[in-house]
Amino acid sequence: MDQLSTQSENPRLPKVNDCEIFRRQQLGIFLLRPERNWRMKCRLMWLGLCLRLLSLLAPVPAIASPWAEVGDNQLRSDIEILAASGVIDGDTIAWPLPWKSILARLGGKTLASKPAWVQAAAMRVLAEAEAQTAPGGSASLYVDATNKPGVVYGFDGMGRGDGQGQLSLGVNRGFFAGRISLGDITQAFGGKPNKLMLDGTYLSARLGGFLVYAGYLDHWWGPGEISSLQLSNNARPMPQVGIERASTAAWSWPIFNLLGPWQWEFILGKFDGPQIQSNVYYNAMHLTVNPLPGLELGVARTEEFCGKGHACKPIVDYFHFSNYPNHPDNVNDEASWEIKYSRTLGGVPFQVYMQLMNEDYSWFNHSGTSHLFGASVFLPTRDNPVKLTAEFTDSISTLHPFSFGDDIYGFSYTNAQYPDGMHYRGRTLGFSLDDDSQLLALQANWSDEAARFYELSLYRANIGSSHSLGANILSATPVLLNMGEARMTLPWRDFKLDLAGRLQDDQPWPARGFLASVEASLRMTL
């Protein structure tokens, strides 16, 4: 303490504030020159305290979580194989997925009649589910760096900026689970300053048949493999509270049990980043049902409400469905309809899917519909199948759901009453290419017996439109680009290394021309 006091009283050295002194006392660190950013000092102080709390926990070799979370394409492929093969419920279009339902179907189940690659997928999913739901504590460190983030941000998207680092500490105590994730993200090295990142932080409790939570969670609503029109992980998660079913089991009530396994989730969040319009809130509801083997149906509604200049009547506005160009409602809301069918034909699993997102409510007069269509097939090999996916996403709205060519520009994610539109911290809540864009994606992925995962993607992206200059936040002027991306995930002991390489013949404005980019991320279980 004497040394710290002497150092801070020396007029030739920077003054050490109380937060810095406390941090050094807690972590036993003495630096000749304190950091320039006092926020970073406080963050390190809290990291030190969290590490001390971690020592009280019994660690398990996984990130404890009641859900299968967004971001792992290998896990998603395995779950889809099991659903198409009839091993688990066909409820796979609302992520995160509750582990309880998957464990209930896999635990103690005999799969001797299934092909070896279905058994291998079941073993991987079961091992992951048991590890993540095991009582105890967990910790991981994650870092990601690239010379240019990917233009297309899919289900397994990596960094959202040029660099980020995060330490996560989790605990699972049966009905209660939580995680603290603290880190920094920089949008451009040497450019904008770092920003505190709480992504992935949450507290959850199981109350009866529901999971109630608060925190910063990613969601992926819809059947799309590469894109989701309404709510995806493209933007960073906003602060939110939510409730969802802890299990997807079917109703026991007569009539309702005909809907089969089902899931329901409701979210209430707040746009807390830099906004043109202040005090805007966000709610989202998603319902999925599995009435027939292999058939999944979903409906979702998202809504911006309140905000400066708006009468804040959330209950009244939520149940007011009329919304037309000449008679707009008091909120900015969107609705989507989703359908997915997956089965096994001749021993080959496949799935076809569609998502429609409406800005307005009349299917016959003025719907403002965006579209997503796709299909995947799992080609069996000796060990694991090769998954092939073709997907087309179009955020150029049409006047009616299928009136192709009768287009409405600058409509899908923008709103006259809410100038920020469906965007958060500079990124779209849904489709990564934002408004008035089209994406044709072809993707192949495969994992070997050593759990190494490989993925190859080809994209043709038409970003923005000359009919609505300025509506697209990704590029101020229209651009057509072709891109190829190769991904590889290499697990080794307590490490998982992700590597990606991209080549593209053009870039969103103002950067133009050919670009080669690389990205690497490392997750380490502590």
Side-chain angles (χ1 to χ4, degrees), residues 17-29 31 34-57 59-67 69-71 96 132 136-146 157-173 176-187 189 192-204 213-219 233 235-242 269-270 272-274 424-425 427 494-496 498 521-526:
N17 59 33
D18 292 338
C19 178
E20 176 68 4
I21 293 174
F22 182 71
R23 183 183 71 84
R24 293 174 181 177
Q25 289 174 332
Q26 292 295 315
L27 300 181
I29 297 174
L31 302 177
E35 290 85 357
R36 289 171 293 180
N37 191 327
W38 67 270
R39 293 186 180 88
M40 180 63 71
K41 301 170 189 175
C42 291
R43 294 171 199 168
L44 293 174
M45 176 187 74
W46 286 111
L47 286 177
L49 294 177
C50 291
L51 286 171
R52 291 196 173 196
L53 289 175
L54 180 63
S55 65
L56 304 176
L57 305 175
V60 294
I63 297 301
S65 175
W67 304 281
E69 298 185 47
V70 180
Q132 290 203 24
S138 61
S140 71
L141 179 67
Y142 176 79
V143 293
D144 181 281
T146 178
M158 298 174 70
R160 299 183 181 96
D162 285 3
Q164 64 185 61
Q166 199 164 26
L167 174 65
S168 298
L169 311 173
V171 62
N172 183 20
R173 287 289 183 258
F176 168 83
R179 182 168 64 216
I180 298 174
S181 294
L182 295 176
D184 282 283
I185 181 170
T186 178
Q187 299 301 320
F189 291 121
K192 296 181 180 179
N194 293 2
K195 297 179 181 179
L196 175 66
M197 185 171 62
L198 296 171
D199 304 3
T201 297
Y202 73 90
L203 293 173
S204 73
Y213 67 89
Y216 299 77
L217 281 182
D218 280 319
H219 299 268
N233 60 340
R236 292 175 55 194
M238 68 181 70
Q240 62 196 256
V241 295
K270 186 179 189 300
D272 66 333
Y424 179 65
R425 294 187 180 272
R427 298 177 73 99
D494 296 330
F495 298 84
K496 181 180 283 188
D498 282 299
S521 68
L522 177 67
R523 185 178 297 278
M524 178 176 63
T525 301
L526 304 176

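Keep in mind that this is a model prediction, so the values were computed, not measured.
- Heavy atoms only, all atoms of each residue included: L217 and E69 are closest at CD2-OE1, 4.2 Å.
- Ring-plane geometry between Y213 and H219 is classed as tilted, the angle between the planes lying from 30 to 60 degrees on a 0 to 90 degree scale.
- From S140, atom OG reaches atom CG of L167 across 7.0 Å, with rounding to the nearest 0.5 Å.
- Here the shortest heavy-atom pairing between Y202 and S65 reads OH-CA, 3.4 Å.
- Under the side chain to side chain contact (heavy atoms under 4.5 Å, CB included) rule, Q166 has a single partner from L198, T201, D199, V143, which is D199.
- Side-chain contact check for S204 versus F176: every heavy-atom pair is 4.5 Å or farther apart.
- Heavy-atom minimum distance, D218 versus P237: OD1-CD, 3.4 Å.
- R160 contributes atom CZ, which lies 7.0 Å from atom CD1 of I185 (distance to the nearest 0.5 angstrom).
- Y142 approaches R523 most closely through the heavy-atom pair CD1-NH2, 3.5 Å.
- Each of L522, L141, T525 was scored for a side chain to side chain contact (heavy atoms under 4.5 Å, CB included) with F495, with one residue passing: L522.
- G159 and Q164 get closest at one heavy-atom pair: CA-OE1, 3.8 Å.
- In plain terms, the two heavy atoms of P96 and W67 that are nearest each other are CB-CB, 3.4 Å.
- The structure places CG of L526 at 8.0 Å from CG of L169, a figure rounded to the nearest 0.5 Å.
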